[in-house]
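Worksheet: the structure to be examined is printed underneath.
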Number of protein chains: 2
Amino acid sequence: MPNLLLKDLPRYECLLEAAKEFPDLEPSACETFLHLLRGGDESVRVMESNLARHNITQGRFSVLMILLNRCRSNSGTLGPAELADAAGVSRATMTGLIDTLERDGLVTRAPDTVDRRMMLVRLTDKGRALLEEILPEHFKRMSWLMSPLSEFERQTLVQLLNKLHQQASKFPAESPSAAAV
Amino acid sequence: MPNLLLKDLPRYECLLEAAKEFPDLEPSACETFLHLLRGGDESVRVMESNLARHNITQGRFSVLMILLNRCRSNSGTLGPAELADAAGVSRATMTGLIDTLERDGLVTRAPDTVDRRMMLVRLTDKGRALLEEILPEHFKRMSWLMSPLSEFERQTLVQLLNKLHQQASKFPAESPSAAAV
DNA sequence: GGTAAATAGTTAGGCAGCTAACCATAAACA
DNA sequence: TGTTTATGGTTAGCTGCCTAACTATTTACC
């Protein structure tokens, strides 16, 4: 799901110019933000073009990967609510994702006999086989994408992104302008 | 449009473990990639919660910003194809975006008398007023989000993201596995 | 034990992204 | 000049994302 992507980011001088009109615009913050968006988006596109060859999308892929990981530790089943939480989407979205995955035979959905509100989603053999077919190229592309960065640069990038993650997680879910404080 | 987001990224030891099963998995590349995705996604969410208060989405916002920028230099009008290219979406998507923007009175659409295939999209006064209402808080949030990073760290981050951008732009649009070469 | 609150899952309606196909017009070229 | 090709815009149909509202079940609490 590539997001909207500005092809040419504004040059720094333009940001400086715009800052005269909008005193709240901090050019270096804006520049960093736009680069981050573009970087994330382009990376997703590179990976998605691989997934698309197997008729699968980023969203479906994430669900399959979560199930695969949980297989190792737990019983191999998860409820839609847990999946939604792990994947960072709404429960309604997860219902739709599971619908298409089930339709294509990649997961199964069965009612939980203990808690009768719950459904148990499980990766099928077909789903696992699909992942094993996709993953080698998937990981190759990751390596290719990151190949211009040295190990040190990768660590640096992760640290910087972690700082942003820390900050974003502080964001008050509701209060709108309180963020500016 | 927040993309799908893994809430808890796998720990590095898990990546090392998984690399035993998938020899193509390069743990540091994978870790960097996942952090990048999460960082971009979280940042978008912070900004979008502001736009949503004004009943606008990231996609619509981008179109308005492109028009605002072009106003300064050009005649203030752009065709859907140019907009789509600048925003990095398909022409069909842009048609839909302009539809809703026009419905809400934020842009106008008029046929070009010279090239009769073209439409000319123009920002309305209402659209401009909306931007002027949104932008201060928009820029405040950018600054808030980036506030944990020093100027030097921002420069570093931009440089690293630029390297990824260079690499991603090298990506062959069609050939699937040639990327691994 | 019985009512209220919380939780799991789904459904409905809307927007945004995509591809593929289509029509109108313009440009290229024989 | 006339045909072919390219371009601009739209439409149709799909997926995926959201919120809000709904049902069923479980839990909490009086």
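Within every chain, numbering begins at 1; the chains are lettered A, B, ... in the order of the sequence lines, protein sequences first and strands thereafter. This is a predicted model, so every value here is computed, not measured.
Under the side chain to side chain donor-acceptor pair (under 3.5 Å) criterion, the residue pairs touching residues 97-107 of chain B are B:Arg60-B:Thr100, B:Asp99-B:Arg109, B:Glu102-B:Arg109, with sequence neighbours excluded. The salt bridge (Lys or Arg N to Asp or Glu O under 4.0 Å) contacts involving residues 155-168 of chain B comprise A:Glu153-B:Lys163, where partners must be two or more places apart or lie in separate chains. For residues 21-63 of chain B, the pairs satisfying ring pair (Phe, Tyr, Trp, His ring centres under 6.0 Å) are A:Phe139-B:Phe22, B:Phe61-B:His138, with sequence neighbours left out.
Remark: B:Ser90 pairs with B:Thr93 by the side-chain hydrogen bond (donor to acceptor under 3.5 Å, both in side chains) rule, at least two apart or across chains. With sequence neighbours left out, the side-chain hydrogen bond (donor to acceptor under 3.5 Å, both in side chains) criterion links A:Glu21 to B:Arg72. Applying the ring-ring contact (aromatic ring centres under 6.0 Å, His included) criterion to B:Tyr12, with sequence neighbours excluded, gives no partner residue. When the side-chain hydrogen bond (donor to acceptor under 3.5 Å, both in side chains) test is applied to B:Glu151, the partners found at least two apart in sequence or on another chain are A:Ser28. Residues meeting the side-chain hydrogen bond (donor to acceptor under 3.5 Å, both in side chains) test with B:Asp115, sequence neighbours left out: B:Arg117. For the side chain to side chain contact (heavy atoms under 4.5 Å, CB included) test, no residue two or more places apart in sequence or in another chain qualifies with B:Gln159.
Among D:dG16, D:dC18, C:dA16, the nucleotide with an atom closest to any side-chain atom of A:Leu97 is D:dG16. Listed candidates were C:dC18, D:dT15, D:dC17. Nearest to the side chain of A:Arg103 is D:dT15.
Rounding to whole angstrom units, CD1 of residue A:Ile56 and C1' of C:dC18 are separated by 17 Å. Nucleotide C:dA27 holds its P atom 11 Å from the CE atom of B:Met118, rounded to whole Å. Atom CG of A:Asp115 is separated from atom P of C:dT7 by 12 Å (rounded to the nearest Å). Regarding B:Asn55, its CG atom lies at a distance of 9 Å from the P atom of C:dC15, rounded to whole Å.
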Just the atom pairs and distances: protein N or O near nucleotides 10-12 of chain D's N or O, under 3.5 Å.
unit_1	atom_1	unit_2	atom_2	d
D:dT10	OP1	B:Arg109	NH1	2.8
D:dT10	OP2	B:Thr95	OG1	3.2
D:dT10	OP2	B:Arg109	NH1	3.2

Are any protein N/O atoms closer than 3.5 Å to N/O atoms in nucleotides 2-6 of chain C? If there are, list each pair with its distance.
none

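Between A:Arg116 and D:dA24 there is no side-chain polar atom (N or O) within less than 4.0 angstrom of OP1 or OP2.
Annotation: of the two residues near DNA chain D, A:Ser90 and A:Val114, the 5′-most nearest-nucleotide partner is A:Ser90.
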Margin query: Using side-chain hydrogen bond (donor to acceptor under 3.5 Å, both in side chains), reason through A:Ser49 and A:Arg141 one step at a time and then give a plain yes or no.
Written below: CA-CA 10 Å; A:Ser49 66; A:Arg141 289 190 182 213; 2.7 Å; yes

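A salt bridge links A:Arg45 with A:Asp41: the distance from a Lys NZ or Arg NE/NH1/NH2 to an Asp or Glu carboxylate oxygen falls below 4.0 Å.
An end-to-end axis angle of 10° holds for the helix from C:dG1-D:dC30 to C:dA30-D:dT1, taken from five base pairs per end and rounded to 10°.
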